[in-house]
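Numbers here are sequence positions counted from 1.
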Amino acid sequence: MTEQRASAPRQSATDETTAALAVRLRAADPGGWTSDAARALVVRLGWGWTDSPTVVTGRSTGDARLAPVGKYSERYVNGAAYVELAVPVRHTAPDPASQAEAFRLVKDELTATLGEASIMGVTGRLAPFYRDVEGWGSPYLRWRGEPNTLELRAGPTGPELVLLPTEPAENWFVRLGYDQEHAITGFFGFRQDASNGGLTFPGGWQARSWETLTRALADFLTTLPAETTALRTPMSLAIYGRVEGKGAPIIVDIDCGDRLMLASFADESLDPGSLGWGTAAEHPISGRSWPNADDPRLRIDAGGPGEPDGQALAETIVATARAMGVVSPEDLLIEPEAGDMGAYRVTFYGLGLPMA
């Protein structure tokens, strides 16, 4: 067994603010992320090196972790031993509402100090190098740099600050862009900012069966209110469907801030209950999104963080599309305006639907 020896941190970081830590991490130089460079980085940060991925920080939120290069990341690095240093910055209860609020608070603190993040998104099921993601949601923010990036992400016990080399994770993401079902999950947004110079984007994939679309929608909707709450970025997204002789009516309108609301403008021939819809009277909070109780007629208030039944909602959307005459999911389109989320231009890779 390898003996693990940790030198004591030169200073306690227990009382260091998250913003102060973020400034120190952005200014840090991990060299080429080799073993020697990582050890030197840990020493400069005033922390304790061990012969394991654990880095002794002295922080009340726990020790940091170095992620070694592995079989899924080795092709994206050149001589590096590690692909990130992750530091827990806030512990909170495991429920989605608490996790989302903790992430939001850290996001606000970092934004006040560092400015708006270069990149905003949700990884969905596929985080870089196939690491595990949290069940409540997988939001992230990146202050992109060269050669390193600072990321705020959802971690096992709460939000984490992560220092990582920029190219490996971005190259991994770009190479996911082949037309295979669920090749990319979640969504990705970027600001028009000098920090995003040279940023490249993957191709997408197309949902070609109702089963594939149902799974994609279920994954997307289950965690959405937790993620929009965490990111403090509301979302409004309409999906249109090409119907022979009727053009491309709106199939579903999705509005999500601290709660997930769905509506449909389907005509009177559709029975709401048989497809899983309710009315404005049955879902009064939906009036925040659509004040006119009769337009749209069909409503669902799916709840806040941790509450949506994504599978049931996905089945309702698919059943509605088919009842309205959409022949195939390849006839569905996302409205272009959905891609504008605050200062970010967003691509909804995980849905497998093109922008109109």
Side-chain angles (χ1 to χ4, degrees), residues 181-182 187 204-225 228 234-304 307-340 346 348 350-356:
E181 291 183 350
H182 309 294
F187 58 84
W205 59 277
Q206 176 74 55
R208 296 187 174 90
S209 72
W210 293 116
E211 292 76 14
T212 295
L213 179 62
T214 300
R215 175 184 161 185
L217 284 167
D219 289 347
F220 180 74
L221 296 172
T222 296
T223 55
L224 187 58
T228 53
M235 175 186 296
S236 180
L237 184 154
I239 298 176
Y240 294 79
R242 299 187 189 96
V243 178
E244 186 175 357
K246 296 182 180 180
I250 295 177
I251 304 301
V252 63
D253 202 1
I254 299 169
D255 190 82
C256 193
D258 61 344
R259 298 181 72 83
L260 173 60
M261 308 288 182
L262 284 76
S264 178
F265 295 83
D267 61 34
E268 297 289 335
S269 65
L270 268 67
D271 172 45
S274 66
L275 298 175
W277 292 101
T279 64
E282 293 168 318
H283 299 287
I285 300 179
S286 69
R288 296 189 329 198
S289 302
W290 304 282
N292 187 336
D294 297 321
D295 188 25
R297 182 173 63 98
L298 310 184
R299 310 280 183 95
I300 296 175
D301 171 6
E307 295 179 347
D309 183 340
Q311 182 66 28
L313 296 171
E315 290 173 359
T316 290
I317 293 171
V318 167
T320 302
R322 301 182 76 170
M324 291 177 67
V326 179
V327 175
S328 164
E330 294 181 81
D331 293 318
L332 294 174
L333 305 163
I334 298 173
E335 65 167 341
E337 293 81 4
D340 295 319
V346 176
F348 299 96
L351 288 178
L353 299 176
M355 287 280 189

What side-chain donor-acceptor pairs closer than 3.5 Å can you find for residues 240-254, not counting sequence neighbours?
| unit_1 | atom_1 | unit_2 | atom_2 | d |
| --- | --- | --- | --- | --- |
| Arg242 | NH1 | Glu330 | O | 3.4 |
| Asp253 | OD2 | Trp290 | NE1 | 3.3 |

* Structure fact -> side-chain contact (heavy atoms from CB on, under 4.5 Å) filter on Asp295, not counting sequence neighbours, yields Phe265, Asn292
* Asked: Distance from Leu353 atom CG to Ile334 atom CD1, nearest 0.5 Å?
  -> 5.0 Å
* Main-chain N/O of Thr279 paired with Glu282 side-chain donor or acceptor, under 3.5 Å -> yes
* To do: Assess whether side chain to side chain contact (heavy atoms under 4.5 Å, CB included) is satisfied between Leu313 and Phe220, documenting all intermediate values.
  => CA-CA 10 Å; Leu313 296 171; Phe220 180 74; over 6 Å; no
* Out of curiosity, Ile300 CD1 to Met261 CE, how far, rounded to the nearest 0.5 Å? -> 11.5 Å
* Asked: Looking at Pro354 and Gln206, what are the two nearest heavy atoms and their distance?
  -> CD-OE1, 3.7 Å
* To do: Indicate yes or no for a side-chain donor-acceptor contact from Thr228 to the backbone of Pro234 under 3.5 Å, with no hydrogens or angles considered.
  => no
* Rounded to the nearest 0.5 Å, what separation is found between the OG atom of Ser264 and the CG atom of Leu275? -> 8.5 Å
* Asked: Would a distance-only check, ignoring hydrogens and angles, find a side-chain to backbone donor-acceptor pair under 3.5 Å from Arg259 to Pro225?
  -> no
* To do: Enter the distance from Glu315:CD to Thr320:OG1 here, rounded to the nearest 0.5 Å.
  => 11.5 Å
* Asked: CG/Leu298 to CD/Glu268 distance, rounded to the nearest 0.5 angstrom?
  -> 8.5 Å
* Angle class for the Phe187/Phe348 ring planes (parallel below 30°, perpendicular above 60°, tilted otherwise)? -> tilted
